[in-house]
2 protein chains.
Amino acid sequence: MSIRARREREYQRRNQLILDTARRLAEAEGWHAVTTRRLAEEIEYSQPVLYSHFHGKEAIVGAVALKGFEELTGTLRAARKSADDPTAALRAVIETYLDFAGANPALYSAMFELSTPLAFASAETPGPLIETFGELIAAVVAVAPAGDAELAAEVIWGALHGMVVLERSGRLRPALMRERVDLLLARFAPEG
Amino acid sequence: MSIRARREREYQRRNQLILDTARRLAEAEGWHAVTTRRLAEEIEYSQPVLYSHFHGKEAIVGAVALKGFEELTGTLRAARKSADDPTAALRAVIETYLDFAGANPALYSAMFELSTPLAFASAETPGPLIETFGELIAAVVAVAPAGDAELAAEVIWGALHGMVVLERSGRLRPALMRERVDLLLARFAPEG
DNA sequence: GTGGATATCTAGCGACACTAGCAATCCTGT
DNA sequence: ACAGGATTGCTAGTGTCGCTAGATATCCAC
């Protein structure tokens, strides 16, 4: 009885070890450095052990990404709720989003760029993904005309994501991100 | 003398054959299907021949992408110049950009998502890349306040690119792209 | 015609994600 | 206490990837 429980605890512990190691490796050396061999070596188990935890490499990336959505949702919510007025809240959410992307490039990449088993816009979309977008919508509804909130949130999200990846690949001038945010806010929350 | 010229023509012909085949394969089956073995088989030469034309697979993807920038610049320019007024021109450029991304998903991916040797925002940035962004700026200057044009172009480009990749991965509702474009235009060219 | 340059191929390297099949370990039922 | 079966993890492989060394065939200049 308790033996099974201990086994289960050890399994979960190792599960977390795999995810933590994958994320740490990815942030330190990029996802290309996260190979099954390297991962197995780092956790001090053999390669096949990984497959008793996850269906494959994509599933590992997906699990890391899911954790990222939970973290992002939390920071976005905190930023939104600690703001004084709707416009400040939208600004806080936008800046928090960009800070998150800047501070966790590999994690952000797993969430939005890499191929993972995570389903979007479907019935099986995991909760954390919906909640993340929900935070953005919540910040937008307060400044957008009624009915347009979700649409405006999609456009703003697109602009944020687009600016992140275009800047990351050297296609935008990094020093001007602040100005771009100001411009975006001026267009979508003009009264602020 | 003319023998060397014939050789050179054949080399250029084969160069084009490699690029055309890579692009066709990528659009038909995705870039993951474009392996050096498959590419060699399709052009009916051995693998090493590819390396006498390009430094590696990334260089092939980069060459395909470069052609894409030339094409995109051309279609954007045509769309912009055939519009009646500045706002219509911006709308035409935006819709053309999105149509291009939708019609050539693999090519677009090579241009903006995949890792290639193409340098951005640097002294060695190839002309076609600069020209493409130049077309977008040209469309924006006519509707944006003086001094803000380039910044606004970056934000709009970010929104376009973000919406393309987010929609492509199922993160946005495809049917509403038209509405998102309308909203974007309403915010950046309100007088239209 | 022959020697040297050029063009192309066969064969193979190391690394990749992933897996079959075996060995050791552990828990259960008697 | 201990045999039998399930579980757990390993070794050793498969097939594929990008890429390349070295051999071979072809071609042109003298």
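The model shown is predicted, which means the values in this text are computed figures rather than measured ones. Note on naming: letters A, B, ... go to the chains in the order of the sequence lines (proteins, then strands), and numbering restarts at 1 for each one.
For an aromatic pair to be called close, the ring centres must be under 6.0 Å apart, and F112(B) with F69(B) satisfies this. With ring centers used as reference points, H53(B) lies under 6.0 Å from Y11(B).
Checking the phosphate oxygens (OP1, OP2) of dT8(C), no side-chain nitrogen or oxygen of S46(B) falls inside 4.0 Å.
Salt-bridge annotation for R38(A) and E42(A): present, with a side-chain N of the basic residue lying under 4.0 Å from a carboxylate O of the acidic one.
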Criterion side-chain contact (heavy atoms from CB on, under 4.5 Å) on Q47(A) and T35(A), from CA distance to verdict: CA-CA 10 Å; Q47(A) 267 182 293; T35(A) 68; over 6 Å; no
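Y51(B) places its OH atom 17 Å from the P atom of dT8(C), with the value rounded to the nearest Å. Distance H53(B) NE2 to dC9(C) P: 10 Å, rounded to the nearest Å. The NE2 atom of H32(B) sits 20 Å away from the P atom of dG15(D) (whole-angstrom rounding). Across the protein-nucleic acid pair, R38(A) atom CZ and dA15(C) atom P stand 13 Å apart, rounded to whole Å. When the P atom of dG9(D) is taken as reference, atom CD of E10(A) falls 9 Å away, rounded to whole Å. Between the CD1 atom of I60(A) and the P atom of dC16(C) there is a distance of 14 Å, rounded to whole Å. Residue H55(A) contributes atom NE2, which lies 18 Å from atom P of dA17(C) at whole-angstrom precision. Whole-Å rounding puts the Q47(B) CD to dC13(C) P distance at 15 Å.
Among the nucleotides dT20(D), dC10(D), dA17(C), the one closest to any side-chain atom of Y45(A) is dC10(D).
If you check every strand for non-hydrogen atoms under 4.0 Å, R14(B) touches sugar and phosphate atoms only.
The base of dA17(C) is paired with the side chain of R37(A) by a donor and an acceptor separated by under 3.5 Å.
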